[in-house]
Protein chains: 2
Amino acid sequence: MKLSMKSEYACLALIDLSENYGKDLIKIEGISKRKKIPKKYLEQILLSLKRAGLLKSKRGAGGGYMLSKPPSKISIAEVVRLMDGALAPVESVSKYFYEPSPIEKNKQLMGLFRNIRDYVSNKLEKTTFADLIKK
Amino acid sequence: MKLSMKSEYACLALIDLSENYGKDLIKIEGISKRKKIPKKYLEQILLSLKRAGLLKSKRGAGGGYMLSKPPSKISIAEVVRLMDGALAPVESVSKYFYEPSPIEKNKQLMGLFRNIRDYVSNKLEKTTFADLIKK
DNA sequence: ACTTTCCCCATCTTTTTAGTAGAGATTAAA
DNA sequence: TTTAATCTCTACTAAAAAGATGGGGAAAGT
């Protein structure tokens with residue numbers, strides 16, 4: 001029922017990049033310092049966000065990262081799914097990460113968890129990084 | 001964002017006991033077989049449910065477990081909290097299990113997670129085992 | 001006494017989490 | 001063209017959590 005550090009870090013990093021959207025490339029080092037995220041760990045996180053198509057980067061002196069689309073086009077849902085997998089409380093009610101699980105035996109429990117899944121995923125789907133940087 | 005096996009097993013076990021509420025004492029063995037839960041693991045789970053006051057038990061021949069109150073007085077929330085801790089997606093928005101966490105820096109994110117927490121906890125608080133055994 | 005059944009604790013294996021290390025590739029600039 | 005900056009990639013590792021298992025003890029019924 002809990003987000004990993006990795007998801008939290010990823011969100012904070014994307015917030016940082018959103019705050020700087022439209023400006024120059026942002027360095028890992030900078031994000032790491034501003035958001036207090038271990039640098040080498042952050043590297044990996046940014047890399048996977050990049051591989052997922054959320055970020056663009058450039059190497060070498062003056063290099064860094066930037067969002068590959070505006071903050072308003074990136075939802076919290078996709079980030080959390082990338083880092084942590086299913087948003088659903090049990091995987092047997094997950095849309096993208098279905099796995100059988102013991103509670104499938106109980107219809108009512110499934111219904112309850114499906115309801116929660118829908119709420120959470122709808123909420124996270126609708127919230128974008130543009131929403132998170134509003135003052 | 002996910003329930004542990006332990007929580008799932010605990011719910012199934014309580015469903016079994018709810019289905020048999022008012023009848024005789026129920027044996028671990030029976031629950032284990034009906035719900036396909038490893039017996040020795042189930043022992044531990046039932047024991048902690050007992051320590052938390054949800055179950056009563058009797059040892060020896062003819063012994064077993066029973067609910068210590070009617071199914072309608074036991075919420076899913078208390079069971080999941082017992083087994084897995086916080087219902088909140090991040091502990092910094094948890095009511096009963098607060099812990100500092102990196103995302104506290106972002107007000108909007110906190111708001112979002114608080115909203116989710118409220119929904120989930122309200123939902124699980126309101127659903128009882130009586131609801132889960134309705135046909 | 002003997003059997004059944006819960007009680008309790010220790011142990012163990014596997015997976016996940018959270019992070020570190022270090023070499024390599026690319027780019028800009030001196 | 002060398003050097004410094006910066007991302008890229010793979011591997012490794014340590015600690016914690018998850019998911020059990022094992023074995024003996026205590027109580028209760030027969």
Side-chain angles (χ1 to χ4, degrees), chain A residues 1-13 17 24-33 35-52 54-68 80 82-86 90-91 97 99 101-103, chain B residues 1-13 17 24-33 35-52 54-68 80 82-86 90-91 97 99 101-103:
Chain A
M1 221 83 194
K2 221 180 120 251
L3 257 70
S4 64
M5 284 288 144
K6 207 164 171 181
S7 271
E8 293 196 43
Y9 289 156
C11 287
L12 288 175
L17 288 163
D24 267 359
L25 291 165
I26 307 301
K27 300 186 212 332
I28 294 179
E29 182 75 27
I31 302 175
S32 160
K33 284 200 170 132
K35 300 297 196 250
K36 306 247 165 51
I37 306 173
K39 186 181 166 198
K40 291 298 278 182
Y41 199 29
L42 179 58
E43 275 186 18
Q44 293 182 56
I45 292 170
L46 293 178
L47 211 42
S48 49
L49 292 172
K50 181 197 159 151
R51 288 184 180 134
L54 299 177
L55 303 180
K56 282 192 283 200
S57 64
K58 200 170 168 196
R59 301 206 251 196
Y65 278 99
M66 60 178 296
L67 300 184
S68 59
V80 174
L82 250 168
M83 297 294 134
D84 281 359
V90 292
E91 279 164 357
F97 301 88
E99 291 272 334
S101 88
I103 68 111
Chain B
M1 222 84 195
K2 221 179 119 253
L3 256 71
S4 65
M5 284 287 145
K6 208 164 169 181
S7 271
E8 293 195 42
Y9 289 156
C11 287
L12 289 174
L17 288 163
D24 266 1
L25 291 166
I26 307 301
K27 298 187 216 329
I28 294 178
E29 183 75 28
I31 302 176
S32 160
K33 285 200 168 129
K35 300 297 195 249
K36 306 246 164 50
I37 306 172
K39 187 182 166 195
K40 289 299 278 181
Y41 199 29
L42 180 58
E43 273 187 20
Q44 293 182 61
I45 292 169
L46 293 177
L47 211 41
S48 49
L49 292 171
K50 181 199 158 148
R51 288 184 182 134
L54 299 178
L55 304 180
K56 282 191 282 200
S57 65
K58 201 170 168 195
R59 300 206 251 194
Y65 277 99
M66 59 179 296
L67 300 183
S68 59
V80 173
L82 250 168
M83 296 294 134
D84 281 1
V90 293
E91 280 165 355
F97 300 87
E99 289 271 334
S101 87
I103 67 112

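Just so it is clear, the model here is predicted, and its values are computed rather than measured. Throughout, protein chains are lettered first and strands after them, A, B, ... in sequence-line order, and every chain is numbered starting at 1.
If you take CG of B:D24 and P of C:dC6, they are 13 Å apart, rounded to a whole angstrom. One atom, CD of A:E91, and another, C1' of C:dT15, lie 13 Å apart when rounded to the nearest Å. Spacing between atom OH of A:Y9 and atom C1' of C:dT20 amounts to 13 Å, rounded to whole angstrom units. Distance, A:K39 NZ to C:dA18 C1': 18 Å, rounded to whole Å. Computed from coordinates, the A:I37 CD1 to C:dG19 P distance equals 10 Å when rounded to whole Å. As rounded to whole Å, 11 Å separates atom C1' of C:dC6 from atom NZ of B:K27. At whole-Å resolution of the value, CZ in B:R51 and C1' in C:dC8 are 7 Å apart. Remark: P of C:dT20 and CG of A:L42 are 12 Å apart, rounded to the nearest angstrom.
Side-chain atoms of B:S101 do not come within 3.5 Å of backbone N or O of B:E91 as any donor-acceptor pair. A:D84 places a side-chain N or O within donor-acceptor distance of the main-chain N or O of A:S4, the cut-off being under 3.5 Å.
When the ring-ring contact (aromatic ring centres under 6.0 Å, His included) test is applied to B:Y9, the partners found at least two apart in sequence or on another chain are B:Y41. With sequence neighbours excluded, the residues forming a side-chain contact (heavy atoms from CB on, under 4.5 Å) with A:A10 are A:I45, A:L49, A:V79, A:M83, listed by chain and number. Judged as a side chain to side chain donor-acceptor pair (under 3.5 Å), and not counting sequence neighbours, A:K27 has no contacts. With sequence neighbours left out, B:K56 forms a side-chain contact (heavy atoms from CB on, under 4.5 Å) with B:M66, B:S68.
The shortest distance between the side-chain N/O atoms of A:S4 and the OP1/OP2 oxygens of C:dT16 is not below 4.0 Å. In this structure, B:Y41 does not reach the C:dC12 phosphate: none of its side-chain N or O atoms is under 4.0 Å from OP1 or OP2.
Across all strands shown, A:I28 has heavy atoms under 4.0 Å from sugar-phosphate atoms exclusively, and none from any base.
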Problem - Where protein sits on nucleotides 21-30 of chain C, one letter per nucleotide: B base, S sugar-phosphate only, - none, heavy atoms under 4.0 Å - result: BB-BBBBS--
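Contact of the A:Y65 side chain with the A:L54 side chain is not registered, since no non-hydrogen atoms from C-beta on lie closer than 4.5 Å. Residues B:L46 and B:K50 are not in side-chain contact: their nearest non-hydrogen atoms beyond the backbone lie 4.5 Å or more apart. Looking only at side-chain heavy atoms (C-beta outward), B:M5 and A:P102 come within less than 4.5 Å of each other.
Of all nucleotides in DNA chain D, those with any atom nearer than 4.0 Å to a heavy atom of chain B start and finish, going 5' to 3', at D:dG19 to D:dG29.
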